[in-house]
Q: 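First, the structure itself, so that you have it in front of you.
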2 protein chains.
Amino acid sequence: MGRVKQFDEAEVLQRAMLSFWKRGYEKTTVRNLEHDMGINQFSIYATFKSKEQLYKRSLENYQHQLDREFLGPLRLANSDLSDVKSFLIKFALSIAQGKIPNSCMMVNSVREIEHFDPVIRKIVVRFFDEMKALFAKAIANSVPMKDRSLDEGAEFLVGIAQSISIYSKIKSPSQIKSYINFAVDRISN
Amino acid sequence: MGRVKQFDEAEVLQRAMLSFWKRGYEKTTVRNLEHDMGINQFSIYATFKSKEQLYKRSLENYQHQLDREFLGPLRLANSDLSDVKSFLIKFALSIAQGKIPNSCMMVNSVREIEHFDPVIRKIVVRFFDEMKALFAKAIANSVPMKDRSLDEGAEFLVGIAQSISIYSKIKSPSQIKSYINFAVDRISN
DNA sequence: TTATTAACTAAGCATATGCTTAGTTTTAGT
DNA sequence: ACTAAAACTAAGCATATGCTTAGTTAATAA
């Protein structure tokens, strides 16, 4: 019994994510969220408890979205370094051309959340650990390597991926492509 | 005639920089600045005009500080890739061990300033262009290279430098060192 | 139909924000 | 000593913030 929700939770969460992604945690006000999510403040608090909880849910949602829209090819068993390149270039150009709200929300979280809340830290660290595993597989499928070198190479690519969210904000598309090609090519040699 | 300033402008600017560096632009309130700079709000506004102007002055001050404390060896005529490594490792460990307020203020500016004010953009871009020139010289002093490769290599190292401000926040000191060693060694090979 | 429950609306609360202003103190030139 | 100019103090202003609450509407179980 009781009235039924007038909105779809997954849908408003997606909108909240876009709102946070664009502006970051602090600069996104509850009035912004109200407008972007299309529901009243009361409904936000009744459903998500607090702005902070909503941010964490948004960050998890971001991870799923990135998985769906960018990491698919890297999840295939036979992925290789060309898939790494494609992923990095696609993501970097999305940033440079303003196709996505504001570079990488994971990186933004590392940068913004001052006290670096342990829950957020956990989400971020796991995100990059999973990315590292995908990169390691791609390397293994491209060049024969010792485990030690494989790990070093994967860590290296994670670092490159992180650099992209800054690099892509201040460099031209052609520089971005050169940068990624150069970096990924360092693995095979 | 008129009363004389009770404070040293360079000194309070340094304190303002530390305040902004720690918390970022938005999260630093004028009350924070008042406390950290040790002067009244009126004096802040009388001397620096606005919070935004003060931030820009702080960012320039940051550049000079980084030059003094980290980039000295790279400015020498005979600097080489080992100096690049030393710089990156020193800076990265300063971040990881919390010796400096909050990773790189230039990178933070790229990430935080939403509309990306053109003045700030200019400061940031020039900062990384100067860093690139220092890296290029260091590469040239270490390995013989064509101009094209030299530029690629220097761009690559700038990217690595940018990645460090995120990487160092979520990785251990030994991982950070491995990452930097691995990355810089990719140049010589 | 009616009672109960939950989602809705909109107004409101305490506090924080960037910046200003009224009024006071200190300096230097006459 | 007197006056003008500039730096100081502290209070204040309009607005924005995260979150709550009083009151209304809608859905279901009896």
Side-chain angles (χ1 to χ4, degrees), chain A residues 1-59 102 108-109 112-117 119-120, chain B residues 1-59 102 108-109 112-117 119-120:
Chain A
M1 63 179 66
R3 194 167 164 181
V4 115
K5 272 189 163 65
Q6 309 272 60
F7 57 87
D8 179 53
E9 195 172 314
E11 195 179 312
V12 297
L13 179 61
Q14 171 73 11
R15 293 200 185 130
M17 180 205 70
L18 294 172
S19 199
F20 276 129
W21 188 359
K22 182 164 75 181
R23 278 174 294 245
Y25 178 75
E26 291 291 334
K27 286 179 91 165
T28 304
T29 72
V30 182
R31 272 88 179 167
N32 290 145
L33 291 167
E34 201 174 21
H35 175 264
D36 294 346
M37 297 169 79
I39 60 176
N40 186 275
Q41 294 197 40
F42 172 88
S43 301
I44 296 176
Y45 281 91
T47 307
F48 300 100
K49 302 231 163 130
S50 68
K51 187 186 168 189
E52 200 180 325
Q53 286 299 316
L54 179 56
Y55 184 80
K56 287 173 187 168
R57 295 281 310 274
S58 297
L59 197 56
N102 189 3
N108 297 352
S109 298
E112 187 185 2
I113 310 301
E114 186 181 16
H115 50 298
F116 213 9
D117 179 290
V119 174
I120 292 178
Chain B
M1 68 178 63
R3 194 168 164 181
V4 114
K5 271 191 166 61
Q6 308 273 60
F7 57 88
D8 179 54
E9 194 172 314
E11 195 179 311
V12 298
L13 178 60
Q14 170 73 10
R15 293 200 184 130
M17 180 205 70
L18 293 172
S19 198
F20 277 129
W21 189 358
K22 183 164 74 179
R23 279 175 293 245
Y25 179 75
E26 290 291 336
K27 287 180 88 165
T28 304
T29 72
V30 182
R31 271 86 180 169
N32 290 145
L33 291 166
E34 201 174 22
H35 175 263
D36 294 346
M37 296 168 81
I39 59 176
N40 185 277
Q41 295 196 40
F42 172 87
S43 301
I44 297 176
Y45 281 91
T47 308
F48 300 100
K49 303 231 162 129
S50 68
K51 188 187 166 187
E52 199 178 326
Q53 286 298 316
L54 179 57
Y55 184 81
K56 288 173 187 169
R57 295 282 309 275
S58 297
L59 197 56
N102 189 4
N108 297 350
S109 298
E112 189 185 0
I113 310 302
E114 185 180 17
H115 49 299
F116 213 10
D117 177 291
V119 174
I120 292 179

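A, B, ... follow the sequence lines: proteins, then strands. Residue 1 opens every chain.
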Q: Base of C:dC19, side chain of B:Q41 - is there a donor-acceptor contact under 3.5 Å?
A: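 Such a pair exists between side chain and base.
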
Q: Choosing from C:dG18, D:dG18, D:dC8, which nucleotide comes nearest the side chain of B:F42?
A: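 Closest of the options to the side chain of B:F42: D:dC8.
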
Q: Choosing from C:dT17, D:dA10, D:dC8, which nucleotide comes nearest the side chain of B:Q6?
A: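 Comparing C:dT17, D:dA10, D:dC8 against the side chain of B:Q6, the answer is D:dC8.
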
Q: Does a side-chain N or O from A:S43 land closer than 4.0 Å to OP1 or OP2 of C:dC8, or not?
A: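 The answer is yes; a side-chain N or O of A:S43 sits under 4.0 Å from OP1 or OP2.
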
Q: Is A:T29 close enough to D:dA16 that one of its side-chain N or O atoms is under 4.0 Å from OP1 or OP2 there?
A: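 So the side-chain polar atoms of A:T29 never come under 4.0 Å of the phosphate oxygens OP1 or OP2 of D:dA16.
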
Q: Can you give me the closest heavy-atom contact between B:F20 and B:K51, atom names plus distance?
A: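 Answer, listing the atom of B:F20 first, then B:K51: CZ-O, 3.8 Å.
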
Q: How long is the line joining CG of B:N32 and P of C:dC19, in whole Å?
A: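 Taking atom P of C:dC19 as the reference, CG of B:N32 is at 14 Å.
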
Q: I'd like to know if the side chain of A:E34 and the backbone of A:Q41 have a donor-acceptor N/O pair within less than 3.5 Å.
A: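 Yes; at least one donor-acceptor contact below 3.5 Å.
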
Q: Hey, does the side chain of A:S19 reach the backbone of A:R15 with a donor-acceptor pair shorter than 3.5 angstrom?
A: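 Here the side-chain-to-backbone pair does not exist.
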
Q: Which nucleotide, D:dA27, C:dC19, C:dT9, lies nearest any side-chain atom of A:N40?
A: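 Output: C:dT9.
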
Q: Thinking salt bridges, do A:R57 and A:E9 make one under a 4.0 Å N-O criterion?
A: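 Result for this pair is yes, salt bridge flagged.
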
Q: Start at the 5' end of DNA chain C and walk down; is the nucleotide closest to B:V4 or to B:K49 reached first?
A: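 Going by which nucleotide is closer to the 5' end, it is B:K49.
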
Q: Closest approach to the side chain of A:R31, judged atom by atom: which nucleotide of C:dT27, D:dT17, C:dA10 is it?
A: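 So the side chain of A:R31 is nearest to D:dT17.
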
Q: Compare the minimum distances between each of C:dA10, C:dT27, C:dC8 and the side chain of A:R3, then state the nucleotide with the smallest one.
A: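 Minimum distance to the A:R3 side chain belongs to C:dC8.
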
